[in-house]
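Down below is the structure, laid out as structure tokens.
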Number of protein chains: 2
Amino acid sequence: MKDVAARAGVGLKTVSRVVNGEPGVTPDTERRVQEAIEFLGFRRNDSARVLRKGRTASVGLVLEDLADPFYGPLSRAVEEVARAHGALLINGSSAEDPDREQELALALCARRVDGLIVIPAGYDHRYLEPEIRAGVATVFVDRPAGRIDADTVLSDNFGGAREGVAHLIAHGHRRIGFVGDHPRIHTAVERLRGYRAALEDAGLDVDERWVALGSTSPDRVRSAVETMLDAPEPVTAVFAGNNRVTVTAVRVLAERDRRTALVGFDDIELADLLGITVIAQDSAALGRTAAERLFRRLDGVNEEPESVTLKTTLIPRGSGELPPAANI
Amino acid sequence: MKDVAARAGVGLKTVSRVVNGEPGVTPDTERRVQEAIEFLGFRRNDSARVLRKGRTASVGLVLEDLADPFYGPLSRAVEEVARAHGALLINGSSAEDPDREQELALALCARRVDGLIVIPAGYDHRYLEPEIRAGVATVFVDRPAGRIDADTVLSDNFGGAREGVAHLIAHGHRRIGFVGDHPRIHTAVERLRGYRAALEDAGLDVDERWVALGSTSPDRVRSAVETMLDAPEPVTAVFAGNNRVTVTAVRVLAERDRRTALVGFDDIELADLLGITVIAQDSAALGRTAAERLFRRLDGVNEEPESVTLKTTLIPRGSGELPPAANI
DNA sequence: TTGAAAGCGCTAACAT
DNA sequence: ATGTTAGCGCTTTCAA
């Protein structure tokens with residue numbers, strides 16, 4: 001910038017004005033400055049600008065895994081909102097590791113992102129308190145914040161699961177398996193709660209052998225489902241706790257002769273062709289809502305932290321409408 | 001940092017040393033500094049650090065759409081490599097718009113990212129020349145750079161498509177449709193080239209009514225496929241030019257009584273269950289390779305720009321092995 | 001081992 | 001309309 005000023009024979013501030021399109025420069029001077037910029041291939045160094053202005057026009061998003069089809073649309077939605085506000089988005093994947101989540105979130109804070117959207121991997125976010133106090137707007141998505149009070153955007157995991165399981169019950173099922181994510185994950189617990197509530201609503205008992213929480217790795221899900229199917233009194237329907245469970249469950253059920261009903265939480269591509277009934281959540285809406293809330297905060301709105309819950313949608317496609325198979 | 005120094009009763013530089021784990025500080029002093037840091041909730045401002053050091057420890061990734069399942073794993077792979085090098089990743093989606101690609105790439109350069117990975121939307125990347133000259137390492141992925149010489153990592157689009165079409169020919173097909181992306185997109189053109197080459201290898205002529213390039217929107221793909229199926233001499237097989245085309249093609253074909261063979265470029269989740277034969281490319285490997293190349297450059301390796309091509313894999317699952325249906 | 005001073009490139013505030 | 005000065009928070013250099 002100094003060089004540009006020298007070459008154009010003007011002061012530093014004049015160049016700054018031109019670069020930022022500020023008023024108070026004669027067209028002639030502006031032209032000279034533009035020429036110098038062109039000639040020197042100058043481009044403003046935003047690092048310096050940030051240092052001076054205190055705002056980075058960037059927001060951070062800490063999620064679990066960008067490669068998961070659930071998070072792609074979410075991230076993209078956040079990006080669109082950020083873009084509308086002239087901000088860039090820095091993503092990071094925690095890989096479901098609380099330490100890595102913290103490391104990432106703090107690294108983003110050290111970069112002085114203006115705001116932070118976090119899909120928690122951990123259960124204690126007090127480490128963010130100093131940052132929030134220092135002015136980093138923070139919104140939690142998909143899972144609630146741990147031990148601090150903050151804006152949160154969730155899906156109705158409880159209600160969605162309850163509706164899905166009720167749907168199976170309405171189609172005559174009495175022995176329904178639940179295969180879900182690890183119990184340390186909030187959504188898994190909520191969905192299990194919904195499962196239990198639906199059974200209870202119908203006056204049915206839960207046999208704990210029908211419930212399997214744990215890793216969503218194909219191996220674990222496969223063995224969980226197979227155990228339920230091979231029991232003396234096999235389940236006649238399975239409720240899959242998330243997209244990865246559904247994918248494996250569909251594979252396992254497809255191998256069997258006996259038709260077992262299935263409802264999965266989260267929609268999946270091609271689920272329509274496979275006739276998989278799902279409880280869909282709108283991950284893009286989750287991201288958009290969170291980002292809008294974040295920027296509202298950045299624009300100075302100062303309300304109490306608030307929790308928003310987005311509705312889920314039951315999409316019947318066949319697998320959830322199968323009647324119980326005559327067993328054994 | 002000033003405040004920390006004051007509170008600990010030491011010089012600014014000593015605090016800097018402690019924060020960065022540099023040697024030359026007595027344990028006692030270090031302890032006092034640490035206490036002050038703790039007390040004040042100090043965290044280093046990386047913006048200032050960046051300004052001074054000239055390196056941001058961040059890389060930019062400009063892709064088409066983070067919500068596309070093809071790019072999620074690619075982005076994640078880049079992130080992992082970046083993480084291993086202590087760098088953060090800033091993603092941006094160009095939405096297949098050349099202007100937006102440029103705007104994004106230049107915004108990232110203004111932030112002084114150390115390196116840039118670009119999945120081109122445009123065909124002229126000379127706008128990046130000053131940046132590259134100024135030291136921003138740049139690697140192009142998935143599609144080649146336009147009008148500049150730069151590192152590039154591609155999939156073998158030509159070879160993959162040729163293999164897929166040859167596979168259909170080997171199963172007896174003579175009238176094979178090609179539905180692909182817009183002809184301004186490099187991969188679409190390459191794959192079409194592969195299609196033509198396979199037909200030519202077999203001594204078959206191409207009827208241009210079997211070729212449909214254009215938008216990958218469901219509507220356009222649907223009508224393209226339906227036209228081919230409803231022609232007086234309908235195609236007996238369809239080669240789908242990418243994941244989105246495949247998804248719609250599968251839907252359209254599933255509505256028909258006559259079984260039409262299908263091979264798709266790109267693997268899709270649940271394609272195994274639907275028995276869809278595909279030419280799979282490894283999007284994570286694409287991202288990893290590009291990122292490794294980028295960091296090699298950042299580590300000072302100074303070779304000529306190089307183009308790497310990654311092999312694709314034919315995965316037979318049924319749809320590509322159907323014989324031609326007796327038509328009409 | 002420790003610290004003072006200079007400066008990275010920019011913008012805010014205040015001249016002129 | 002234009003320029004000058006100070007300073008954002010850190011690291012580098014060099015001296016103590």
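All values below were derived from every heavy atom in this structure, side-chain atoms included, with hydrogens, water molecules and symmetry-related copies excluded. Labels below follow one simple rule: chain letters A, B, ... track the order of the sequence lines, proteins then strands, and each chain is numbered from 1.
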Let me know the distance between [atom1] of [X] and [atom2] of [N], rounded to the nearest Å.
X       : N      : atom1 : atom2 : result
A:Arg31 : D:dA1  : CZ    : P     : 17 Å
B:Lys2  : C:dA4  : NZ    : P     : 14 Å
B:Asp3  : D:dG9  : CG    : P     : 9 Å
A:Met1  : C:dG9  : CE    : P     : 12 Å
A:Ile37 : C:dG9  : CD1   : C1'   : 14 Å
A:Glu30 : D:dG3  : CD    : P     : 14 Å
B:Leu51 : D:dC10 : CG    : P     : 12 Å
B:Asp28 : C:dT1  : CG    : P     : 13 Å

[X] side chain to [Y] main-chain N or O, any donor-acceptor pair under 3.5 Å?
X        : Y        : result
A:Asn20  : A:Glu22  : no
B:Glu79  : A:Ser93  : yes
B:Glu101 : B:Ala121 : yes
A:Thr138 : A:Ile132 : no
A:Asp114 : A:Thr56  : yes
A:Asp65  : A:Ala95  : no

- Message: Tell me if the CD atom of B:Glu38 is crowded by more than 12 foreign heavy atoms within 6.0 Å.
- Response: no

Is there a side-chain contact between [X] and the phosphate of [N], meaning an N or O under 4.0 Å from OP1 or OP2?
X       : N     : value
B:Thr29 : C:dT2 : yes
A:Thr26 : D:dT2 : yes
A:Thr14 : D:dT2 : no

Mind checking [X] for me? I need base, sugar-phosphate or nothing, with any heavy atom below 4.0 Å counting as a touch.
X       : answer
A:Asn20 : sugar-phosphate
B:Val19 : nothing
B:Val25 : sugar-phosphate

- Message: With nearest nucleotide decided by heavy atoms, which residue, B:Val10 or A:Asp46, maps closer to the 5′ end of DNA chain C?
- Response: B:Val10

Atom pairs under 3.5 Å: protein N/O with N/O of nucleotides 12-16 of chain D:
none

- Out of C:dT11, C:dG9, D:dC10, which nucleotide sits closest to the side chain of A:Asn45? C:dG9

- Nearest listed nucleotide, side chain of B:Arg49, among D:dT11, D:dC8, C:dC10: D:dT11

